[in-house]
> 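Please read through the structure below; I'll follow up with questions.
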Amino acid sequence: MNKSWIDISVPLYTGMVNWPGDPAVSILPVKEIASGGSSNVSEISMGAHTGTHMDAPRHFFTEGRGLDTMPLEATIGPARVIAIRDRNAIKAEELRGHRIRKGERILFKTHGSAVRWRRREFDRNYVYVSPEAARYLALRGVRTVGVDYLSVGGYKKDGAETHRALLGAGVWIIEGLNLSAVEPGRYDLICLPLRILNADGAPARAVLRRRG
Ligand SMILES: [Zn+2]
């Protein structure tokens, strides 16, 4: 069995897909050796919820904590990748069969996400966490939830309700994962968002390694 670390974050590049209405991603050289500069330096401009990133409670609660205060245990440790059969949404009914336990870190691998990441246009038909499933996960006491497109909530479909149910219960959220090279099962997870003070969101690098 392959025990090497697998990168499950997406590369950031100018013009990549982003959430509709959020700032576009632009990574441009401001100094270049090729143009006579002493070094290469880029300027990065993008929204805090770009590519593989995390959401903090502050994303949906004005007084909520920022990502800089996230306990590192939220995203470093054992994690489970669950494949979702439903092609529309992650529903509580399907989750009940997976015996989700308190303190788990759960990443959802959904239908079609590998294809979705290859497109530059935003795909509104991604598989999202229904508000009912979000409340179920919160009730189970899950520590962290990860999804493989740009939001845990649906596009113009209860997105705020899903976020509030998770973030309000202290569940940390990873969004924008690429799980196409990963089979369902048990892994070690390391996902570290940038330590931006009071951040509502922050880009993250995320990796998995097979356990057992
Ligand atoms: Zn979000």
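Heads up: numbering here begins at 1 and tracks the sequence. Predicted model only: the values in this text are computed from it and were never measured.
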> Can you find a heavy atom in the side chain of R118 that is under 4.5 Å from one in the side chain of V115?
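The answer is yes, as the side chains (C-beta and beyond) meet within the 4.5 Å cut-off.
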
> How close do P184 and A83 get, heavy atom to heavy atom, and via which atoms?
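Closest pair (atom of P184, atom of A83, distance): CG-CB, 3.6 Å.
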
> Testing the basics here: between T75 and C191, what is the closest heavy-atom pair and its distance to 0.1 Å?
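Closest heavy-atom pair between T75 and C191: OG1-O, 2.6 Å.
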
> Indicate yes or no for a side-chain donor-acceptor contact from T14 to the backbone of I27 under 3.5 Å, with no hydrogens or angles considered.
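Answer holds: yes.
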
> Does P78 reach the side chain of R186, with side-chain heavy atoms less than 4.5 Å apart?
no

> How long is the span from the CD1 atom in I6 to the CD atom in E183, to the nearest 0.5 Å?
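It is 9.0 Å, given to the nearest 0.5 Å.
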
> Do V152 and I82 sit in one hydrophobic cluster, given that two such residues count as connected whenever their side-chain heavy atoms are within less than 4.5 Å of each other, even indirectly?
yes

> Honestly curious: do L192 and L194 fall in one hydrophobic cluster under the side-chain, below-4.5 Å linking rule?
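No.
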
> Apply side chain to side chain contact (heavy atoms under 4.5 Å, CB included) to the pair H49 and D200, showing each step before the final yes or no.
CA-CA 8 Å; H49 299 261; D200 51 89; 2.7 Å; yes

> Just verifying a value: how many Å separate R164 CZ and R135 CZ, rounded to the nearest 0.5 Å?
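Between R164 CZ and R135 CZ, I get 12.0 Å after rounding to 0.5 Å.
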
> For residues S9 and A204, report the shortest heavy-atom separation together with the two atoms involved.
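Closest pair (atom of S9, atom of A204, distance): CB-O, 4.0 Å.
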
> Run through R80, R210, R105 and flag the one making a side chain to side chain donor-acceptor pair (under 3.5 Å) with Y187.
R210

> Could you tell me whether the side chain of N40 and the main chain of I33 form a donor-acceptor pair under 3.5 Å?
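Present.
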
> How close do R195 and D68 get, heavy atom to heavy atom, and via which atoms?
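Minimum heavy-atom contact is NE-O, 3.4 Å.
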
> Over all heavy atoms of both residues, which pair between A165 and A138 is shortest? Give the atoms and the distance, please.
O-CB, 3.7 Å

> Is there a donor-acceptor pair closer than 3.5 Å between any side-chain N or O of E175 and the backbone N or O of D55?
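No, the answer is negative, given that no donor and acceptor are paired below the 3.5 Å cut-off.
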
> Is there a continuous path of hydrophobic side-chain contacts, each under 4.5 Å between heavy atoms, that joins V182 to L107?
yes

> Would a 4.5 Å heavy-atom cut-off, applied to side chains only, mark V147 and Y128 as touching?
no

> State yes or no: do I76 and W172 share one hydrophobic cluster built from I, L, V, M, F, W and Y residues joined by side-chain heavy-atom distances below 4.5 Å, directly or via other members?
no

> Do M46 and N18 touch side chain to side chain, with heavy atoms closer than 4.5 Å?
no

> Looking only at atom types and distance, does a side-chain atom of D148 sit under 3.5 Å from a main-chain N or O of T110, one as donor and one as acceptor?
yes

> Please name all residues satisfying ring pair (Phe, Tyr, Trp, His ring centres under 6.0 Å) with F61, sequence neighbours left out, ordered by chain then number.
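Ring pair (Phe, Tyr, Trp, His ring centres under 6.0 Å) check on F61 returns nothing, list empty.
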
> Should Y149 and F122 be marked as a side chain to side chain contact (heavy atoms under 4.5 Å, CB included) after you check the CA-CA gap, both sets of side-chain angles, and the distance that decides it?
CA-CA 10 Å; Y149 203 55; F122 178 76; 3.8 Å; yes

> Which of parallel (below 30°), tilted (30 to 60°) and perpendicular (above 60°) describes W19 and Y126?
perpendicular

> Would V10 and M16 count as a side chain to side chain contact (heavy atoms under 4.5 Å, CB included) here? Give the steps.
CA-CA 10 Å; V10 298; M16 71 182 287; 4.1 Å; yes

> Roughly how far apart are D188 CG and R209 CZ, rounded to 0.5 Å?
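D188 atom CG to R209 atom CZ measures 5.0 Å (nearest 0.5 Å).
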
> Say whether, by atom type as modelled, one donor and one acceptor occur between the side chain of R143 and the main chain of G103 under 3.5 angstrom.
yes

> Given side chains that start at C-beta, do those of D22 and T50 come closer than 4.5 Å, heavy atoms only?
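No; the side chains remain at least 4.5 Å from each other.
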
> Between W117 and L177 (side chain of the first, backbone of the second, donor and acceptor by atom type, cut-off under 3.5 Å), is there such a pair?
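Looks like yes, one N/O pair under 3.5 Å.
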
> Go through the steps to decide whether R205 and D7 satisfy the test side chain to side chain contact (heavy atoms under 4.5 Å, CB included), and finish with yes or no.
CA-CA 8 Å; R205 190 73 177 257; D7 200 329; 2.6 Å; yes

> Got a second to check how far E32's CD is from S39's OG, nearest 0.5 Å?
10.5 Å

> Strictly distance-based, threshold 3.5 Å: is any side-chain N or O of T162 a donor or acceptor partner for the main-chain N or O of G159?
no

> Side chains of I173 and H163: closer than 4.5 Å at any heavy-atom pair?
yes

> Is any side-chain heavy atom of V127 closer than 4.5 Å to a side-chain heavy atom of I90?
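A side-chain contact exists here, since the closest heavy-atom pair is under 4.5 Å.
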
> Using modelled atom types only, decide if a donor and an acceptor are shared between the side chain of E94 and the backbone of K91 within a distance under 3.5 Å.
no

> Please say yes or no: joined through hydrophobic side-chain contacts below 4.5 Å, possibly via intermediate residues, are L28 and V30 part of one cluster?
no

> Just jot down the side-chain contact (heavy atoms from CB on, under 4.5 Å) partners of A34, sequence neighbours excluded, or say none.
none

> For the atom pair NZ (K157) and OG (S130), what is the distance rounded to the nearest 0.5 Å?
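Output value for this atom pair is 11.5 Å.
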
> Please find the pair of heavy atoms, one from D158 and one from P131, that lie closest to each other, and give the distance.
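Looking at all heavy atoms of both residues, the closest pair is CB-CG, 3.3 Å.
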
> Output the distance between atom OG (S113) and atom CG (D123), rounded to the nearest 0.5 Å.
10.5 Å

> Is the closest side-chain heavy-atom distance between I84 and L95 below 4.5 Å?
yes

